[in-house]
Amino acid sequence: GAAPPGARLGAGREWGLRAPRLGTVGLSVCVQHLLLLACSPAVRSLGGSAGAFTTSSCHLTSSLSVSALGVLILVTALVVFGAVQLFLSRTSAGWAMRATAEDADAAELVGIDSRAVYARATAIAVAIASIGGLFLAIRSVFEPTSGPTQLIFAFEAVVIGGMGSLWGTLAGGIALGLAQALGAQVNPQFSVLAGHVLFLTVLVVRFGGLRLAAVRAIGAARWSSGAGRARRGSSPARRSRLPQVLRWYRWSSAPPSSRR
């Protein structure tokens with residue numbers, strides 16, 4: 001028999017969300033192969049164009065020095081993350097972006113153009129990725145097939161720092177870099193492996209059986225102490241931040257004379 005209209009509408013909406021993602025993956029594969037044909041698979045670097053700055057360092061002590069390029073990268077990352085944080089928390093465009101990320105359909109009901117929000121988010125992401133790619137090209141070597149490897153590192157940094165946490169992503173990237181550096185001290189071949197081990201450890205602790213066992217142990221302790229008996233029959237629901245985000249968006253986009 002034919003599927004009910006609601007099921008067809010839900011399937012169409014799900015495909016509408018998946019189509020851009022699949023198209024982006026296909027486009028990235030095409031661009032990668034076009035770069036292989038046009039530029040050859042030879043490795044390149046912009047370190048020579050940056051001059052002596054790439055090899056200079058600041059000596060803190062007689063046995064400890066810090067790379068000047070590394071300090072510049074860290075300061076730039078802090079500035080970029082701070083600017084993004086201010087944009088998301090202090091501007092109407094940032095509130096619209098947060099509301100669309102929470103629930104695009106509800107955001108459309110208050111007049112937010114989700115297509116414009118997605119385009120703006122893509123532009124910001126491309127600009128930040130361009131800054132990161134520039135520093136990567138100066139600090140290391142790159143080739144047309146370097147993208148998927150760096151994408152894996154970015155995904156691991158997001159998971160380590162916590163999904164949805166802006167500053168957690170920065171902390172996750174620093175933790176991943178420290179793990180790779182410590183692995184390289186043991187053996188240069190263990191650099192990438194150490195980062196993957198940290199990523200898998202975080203997955204097991206945060207989303208695996210260890211976390212479930214800890215939650216069960218805490219729940220049992222609260223129940224035995226009587227804290228959970230008073231709330232018997234009530235299940236804590238997940239509180240969405242969407243209503244607050246929408247209220248702040250409507251307040252920030254209203255004329256100053258009508259704000260209260």
Side-chain angles (χ1 to χ4, degrees), residues 15-56 67-81 83-84 87 97 101 114-161 163 166 169-170 172-181 183-184 187-200:
W15 171 250
L17 294 175
R18 291 180 180 179
R21 302 171 187 173
L22 296 177
T24 303
V25 173
L27 180 62
S28 66
V29 173
C30 293
V31 170
Q32 178 177 322
H33 284 79
L34 288 176
L35 289 175
L36 282 173
L37 292 175
C39 304
S40 76
V43 295
R44 293 173 172 81
S45 177
L46 297 180
S49 303
F53 182 76
T54 57
T55 58
S56 61
S67 170
L69 179 60
V71 173
L72 176 62
I73 293 174
L74 179 59
V75 171
T76 304
L78 292 175
V79 171
V80 170
F81 273 77
V84 173
F87 171 76
M97 193 173 297
S114 60
R115 294 175 62 90
V117 170
Y118 290 142
R120 193 179 299 116
T122 302
I124 295 174
V126 170
I128 296 176
S130 301
I131 297 174
L134 176 62
F135 282 122
L136 174 66
I138 295 175
R139 186 180 182 89
S140 181
V141 296
F142 63 94
E143 55 182 340
T145 59
S146 299
T149 302
Q150 303 305 321
L151 184 61
I152 291 176
F153 294 155
F155 173 74
E156 291 179 346
V158 171
V159 173
I160 293 172
M163 302 291 290
L166 184 64
T169 301
L170 178 61
I174 295 175
L176 184 64
L178 289 176
Q180 292 180 352
N187 191 316
Q189 298 180 352
F190 291 166
S191 174
V192 178
L193 178 61
H196 295 335
V197 170
L198 175 62
F199 167 70
L200 293 176

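Each residue takes its place number in the sequence, starting with 1.
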Show your reasoning for whether side chain to side chain contact (heavy atoms under 4.5 Å, CB included) applies to R120 and V117. CA-CA 5 Å; R120 193 179 299 116; V117 170; 4.1 Å; yes
By side chain to side chain contact (heavy atoms under 4.5 Å, CB included) - contacts of I152 (at least two apart): E156, H196
Got a sec: does the CZ of R115 have more than 12 other heavy atoms crowding it under 6.0 Å? no
For I160 against A175, the heavy-atom pair lying closest together: CG2-CB, 4.4 Å
With a 3.5 Å cut-off and sequence neighbours excluded, list the donor-acceptor pairs that the side chains of residues 67-78 form with protein atoms.
unit_1, atom_1, unit_2, atom_2, d
S67, OG, L69, N, 3.4
S67, OG, G70, N, 3.3
T76, OG1, L72, O, 2.7

Heavy-atom pair with the smallest gap, counting every atom of A157 and L176: N-CD2, 4.3 Å
All ring pair (Phe, Tyr, Trp, His ring centres under 6.0 Å) counterparts of F81, not counting sequence neighbours: W167
Using the rule given for side chain to side chain contact (heavy atoms under 4.5 Å, CB included), can you reason through T149 versus V192, listing the C-alpha separation, both sets of side-chain angles and the distance that settles it, and then say yes or no? CA-CA 10 Å; T149 302; V192 178; over 6 Å; no
Suppose we screen for side-chain hydrogen bond (donor to acceptor under 3.5 Å, both in side chains). Which residues come up paired with H33, at least two apart in sequence or across chains? none
Suppose we screen for ring pair (Phe, Tyr, Trp, His ring centres under 6.0 Å). Which residues come up paired with F87, at least two apart in sequence or across chains? none
Over all heavy atoms of both residues, which pair between A194 and A179 is shortest? Give the atoms and the distance, please. CB-O, 3.2 Å
Side-chain donor-acceptor pairs of residues 132-148 under 3.5 Å, sequence neighbours excluded:
unit_1, atom_1, unit_2, atom_2, d
S146, OG, E143, N, 2.9
S146, OG, E143, O, 3.2

d(M97 CE, Y118 OH) to nearest 0.5 Å is 11.0 Å
